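Below you'll find the structure, written out as structure tokens, and then a few comments.
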Amino acid sequence: MKTVAIAMQKGGVGKSTLAKALGVAGVRAGLNVLVLDMDSQQSTTQWAERRKDALPVVRFATEIDLPKLLSQAEGAGCDLVVIDTPPARSTEAPAAVEYCDLVLVPCAPDIEAYEQLPRTARLARASDKPAAAVLTMAQPNSRAEEDIARQVFETVKLRMVPAVIHRFKVHRDASREGVTACELEPEGKAAAELQALWDWVGAELQLNTSAVLHKMA
Ligand SMILES: Nc1ncnc2c1ncn2[C@@H]1O[C@H](COP(=O)(O)OP(=O)(O)OP(=O)(O)O)[C@@H](O)[C@H]1O
Ligand SMILES: [Mg+2]
């Protein structure tokens, strides 16, 4: 079982959007996926309630039940756990980082997000876990924000995920419908970007999706 924690102290940068997208992508790749919602706002849990599909399984978790939930998931044959964490300084994000195999740090191209980034980068570095920043909500059809983000991520010693997530309305529309951009507009640019992110995460975590599909066949 592999666990990815999605953490960034700045609010509204796309943490939950990426957690939901990776959860759905994992299910579509034939994996048993659990999404843990550690945010007391529970917006990912509410998204799952709006969703018609029962998968991925989404559960609310606190830092107190996290170790037990993870060992239960492993015992139940879970392949991938995606942990969505709250914004601001929290006890949940450090717990998620402690128990994960990969920390994904979504960051929007705003000064407010860049100012918060060092704290989250420090948290990831202190854990010694592999970590990478992903640029989210970037302006479509422009590389300027990407170039600045690359420099900012370098400054805080975070690798940059090659997949960039641009600002597209379909993410909001999908959230309202309890789906992801990949499900709402499978042929769209937003879906292609999420797929690229999934491919990168799968390779990073060495998720052997073809073996799982073979096992299911
Ligand atoms: N790439 C994007 N383009 C456009 N809208 C987006 C994108 N990513 C997320 N959104 C929208 O922005 C809002 C905030 O996103 P999301 O809830 O994923 O952020 P968050 O980091 O989890 O926020 P919080 O810190 O409050 O938990 C949501 O309405 C979501 O649909
Ligand atoms: Mg969130």
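For ligands, and for the atoms within them, numbers begin at 1 and follow the listed sequence. In this text, all values refer to a predicted model and were calculated from it rather than measured experimentally.
Judged purely by distance below 3.5 Å, without hydrogens or angles, the side chains of Gln139 and His166 never pair a donor atom with an acceptor atom. A side-chain N or O of Asp199 and one of Gln195 form a donor-acceptor pair less than 3.5 Å apart. Thr120 and Gln9 share no donor-acceptor pair across their side chains, judged by distance under 3.5 Å alone. In summary, the side chains of Lys15 and Thr85 do not present any donor paired with an acceptor at a separation below 3.5 Å, with no hydrogens or angles considered.
Using a cut-off of 4.0 Å between Lys/Arg side-chain N and Asp/Glu carboxylate O, Glu146 and Arg150 are scored as salt-bridged. With respect to Arg51 and Glu183, a salt bridge is recorded, a charged nitrogen being found less than 4.0 Å from a carboxylate O.
The nearest heavy-atom contact from the protein to atom 2 (C) of ligand 1 is His171 CD2, 3.3 Å. Looking at atom 27 (O) of ligand 1, its nearest protein heavy atom turns out to be Asp39 OD2, 3.5 Å. Ranking the protein heavy atoms by distance from atom 5 (N) of ligand 1 puts Arg172 NE, 3.7 Å first. In this structure, atom 17 (O) of ligand 1 lies nearest to the protein heavy atom Ser16 CB, 4.0 Å. Scanning all protein heavy atoms for the shortest distance to atom 8 (N) of ligand 1 gives Met137 CE, 3.5 Å. Atom 19 (O) of ligand 1 has Gly14 N, 3.0 Å as its closest protein atom, hydrogens excluded (heavy atom only). Phe168 O, 3.1 Å is the protein heavy atom nearest to atom 4 (C) of ligand 1.
At least one N or O atom of Lys15 sits closer than 3.5 Å to an N or O atom of ligand 1. Considering backbone and side-chain atoms together, Ser175 places no N or O closer than 3.5 Å to any N or O of ligand 1. Between Thr17 and ligand 1, an N or O atom pair is found at a separation short of 3.5 Å.
The closest approach between any non-hydrogen atom of Met8 and ligand 1 is not below 4.0 Å. At least one heavy atom of Gln41 sits closer than 4.0 Å to an atom of ligand 1. Within the 4.0 Å heavy-atom cutoff, Thr136 does not count among the residues contacting ligand 1.
Residues Arg59 and Gln72 fail the side-chain proximity criterion, which asks for heavy atoms closer than 4.5 Å. A 4.5 Å side-chain heavy-atom check between Leu66 and Met38 finds at least one atom pair inside the cut-off. In this structure the side chain of Val134 reaches within 4.5 angstrom of the side chain of Leu18, judged on heavy atoms.
Below 4.0 Å from some heavy atom of Gly11 lie the following atoms of ligand 1, by number and element: 25 (O). Using a 4.0 Å cut-off to heavy atoms of His166, the atoms of ligand 1 that qualify are 1 (N), 2 (C), 3 (N). Less than 4.0 angstrom separates some heavy atom of Ile165 from each of these atoms of ligand 1: 1 (N). Counting atoms of ligand 1 from 1 in the listed order, those under 4.0 Å from a heavy atom of Gly12 are 19 (O), 20 (P), 21 (O), 23 (O), 24 (P), 25 (O), 26 (O). Distances below 4.0 Å separate heavy atoms of Val13 from the following atoms of ligand 1: 19 (O), 20 (P), 21 (O).
When every heavy atom of Leu69 is checked against every heavy atom of Phe60, the shortest pair comes out as CD1-O, 4.2 Å. The two atoms that bring Ala61 and Leu36 nearest to each other are CB-CD2, 4.2 Å, heavy atoms only.
Among the atoms of Thr17, no N, O or S atom falls under 2.8 Å of the Mg ion (ligand 2).
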From CA spacing to verdict: salt bridge (charged side-chain N to carboxylate O under 4.0 Å, His left out), Arg159, Glu204:
CA-CA 12 Å; Arg159 278 181 296 161; Glu204 189 70 18; 3.0 Å; yes
